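Step one of this worksheet: look at the structure below.
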Protein chains: 2
Amino acid sequence: MSQPDTVTRILDAAEELFAEKGFSETSLRMITTKAKVNLAAVNYHFGSKKELVQAVFGRFLTPFTHKLDKELDKLSELKAEPNFNDVLGVLVKTMLVGVEPGVRDKKLSVFMRLLGLAYTQAQAHLRRFLFANYAVTYRRFINYLKQAHPDLSSREIFWRIHFAIGSVVFTMSSFEVLRNMAIEDTGVDSSIEDVMGLLMPFLSAALEQESPA
Amino acid sequence: MSQPDTVTRILDAAEELFAEKGFSETSLRMITTKAKVNLAAVNYHFGSKKELVQAVFGRFLTPFTHKLDKELDKLSELKAEPNFNDVLGVLVKTMLVGVEPGVRDKKLSVFMRLLGLAYTQAQAHLRRFLFANYAVTYRRFINYLKQAHPDLSSREIFWRIHFAIGSVVFTMSSFEVLRNMAIEDTGVDSSIEDVMGLLMPFLSAALEQESPA
DNA sequence: TCAAATTTAAAACGATCGTTTGGATTATCA
DNA sequence: TGATAATCCAAACGATCGTTTTAAATTTGA
């Protein structure tokens, strides 16, 4: 698994097509045509389509989790008792840092779209792969949230976070559909930044809501 | 398009399989095997797989929108100026009324899962079908929300509602995945009712949040 | 330089897919 | 009852899928 050019071209093409169409709606022939490589190249370099799917996720999740780990290290050095917004701020910062502003929106929406597919598409092998490789960092992050809100139970933290993930993932991965609906409905067009500007306070209010128990 | 038994059996099987696997991951042979009908029956009764997908949505959306229209009629008779919770209450009531409590959870999660697929799967024909058939009731509902919150712009109403839809749809349509993650993470199992009990106040706080502008 | 690794090419594989066909079977109703 | 239409069935069609194979060309690195 070496030689940057062909492998990278396949990953680029696959990433874009997966995000656009989903996994089973994207054929290897579409990928290799777009990447301008031979059909057999995918099986040669990755072994199978499933492993290609995993490689696409691995390419951005591995550096991402490394950055997140480092940022969490920094945070715990700076503040002994970080609060909710600190921890979530680290997550957002990690998503944005090192990405050139020009391609930030594109990269981010592809990231979100793929994340959504990981949850909603029937790809048990992918969830096994993600769990096997990234569960440690994920759990570390959740634990920070937990200690930032000791009044909330683990159960409440878990579900609130995933309610929020649901909003973000759904909004980003259906963004083009929703954007057109919004124009149709309200006559006003909204960019991703505009919508994020509405989404953040929305989630803030929800996440910080007092538990009724 | 007559003869209730075969058509109904196909719709039942298709609905369940679509909700479980998605559209393109479900073959007509899976559907006809589960429905115990001949393979050709789908094309005979529905014309094509696409039209079957639309028929599955139509079967529950047509009575649903009729009920919703009636409930909105009732509401405007009862209260001249319904508030946010009144309007959303009508929606929830419409989803639950007439469904036997025994199968309510099953029906509801299938409904949500299908709704999520309509947004996230690559099925342009389906979104065209939904818009052509149900846009009127949808728009009427949104208008009620608007007049219940005249302080919010159409744009803010639209996006808040869809942030909320995102949470619900994501949570319900990934419920089995999330449920297993929650057990792994927190050691606590949660039923759909449990999670709904957390999700409702979460969304309440977010939807009613004061606009910063 | 020479062997190994990579890339391309072209073809075929077995499998599965949605769809179609033509005849058998069943239901409908004058 | 007998004719007409609706339904069902087994089988096949053509297309596409992921994957594999064989062979030649090219690049790479020790």
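Just so we're on the same page: letters track the sequence lines, and every chain starts at 1. Everything numeric here is computed off the predicted structure, so don't read it as measured data.
Put simply, CZ on R29(B) is 13 Å from P on dT20(C), counting in whole angstrom units. Atom pair N43(A):CG and dT19(D):P shows a separation of 5 Å (rounding to whole Å applied). If you measure from atom CG of N38(B) to atom C1' of dT25(C), you get 13 Å, rounded to the nearest angstrom. Protein atom CZ of F46(A) is 15 Å distant from nucleotide atom P of dG18(D), rounded to whole Å. For the pair L39(A) CG and dT21(D) P, the interatomic distance rounds to 14 Å; values are reported in whole Å. Between L28(B) atom CG and dA11(D) atom P the separation is 19 Å, expressed in whole Å. Atom NZ of K36(A) is separated from atom P of dT8(C) by 12 Å (rounded to the nearest Å). Put simply, CG on D5(B) is 21 Å from P on dT25(C), counting in whole angstrom units.
A search for side chain to side chain contact (heavy atoms under 4.5 Å, CB included) contacts involving S174(A) returns F170(A), L178(A), Y119(B), T120(B), not counting sequence neighbours.
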**Request:** Run the numbers on E71(A) and T94(A) for side-chain hydrogen bond (donor to acceptor under 3.5 Å, both in side chains), then give the verdict.
**Result:** CA-CA 7 Å; E71(A) 295 291 338; T94(A) 306; 5.2 Å; no
**Request:** Report the C-alpha separation of L61(A) and L130(A) in whole Å, then their side-chain angles, then the decisive distance to 0.1 Å, and conclude whether the side chain to side chain contact (heavy atoms under 4.5 Å, CB included) test is met.
**Result:** CA-CA 9 Å; L61(A) 275 185; L130(A) 296 177; 3.5 Å; yes
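Between the side chain of S167(A) and the backbone N or O of A164(A), no donor-acceptor pair lies under 3.5 Å.
No contact: V42(A) has no heavy atom under 4.0 Å from any strand.
In this structure, a donor-acceptor pair under 3.5 Å is present between the side chains of Y134(B) and T62(B).
Taking every side-chain heavy atom of A40(B) into account, dT20(C) is the closest of dG18(C), dT21(D), dT20(C). When each of dT19(D), dT7(C), dT8(C) is scored by its nearest atom to the side-chain atoms of T6(A), the top-ranked nucleotide is dT7(C).
To the nearest 0.5 Å, atom CG of residue L203(A) and atom CZ of residue R160(A) are 12.5 Å apart.
Between dT6(C) and Y44(A), a contact under 4.0 Å exists linking OP1 or OP2 to a side-chain N or O. Put simply, H45(B) has no side-chain N or O that comes within less than 4.0 Å of OP1 or OP2 on dA6(D).
None of R127(B), H125(B), Q121(B) except one satisfies the side chain to side chain donor-acceptor pair (under 3.5 Å) rule with Q123(B); the exception is H125(B).
Using a 4.0 Å cut-off on heavy atoms, the residues of residues 17-27 of chain A that approach DNA chain D are T26(A), S27(A), listed by number.
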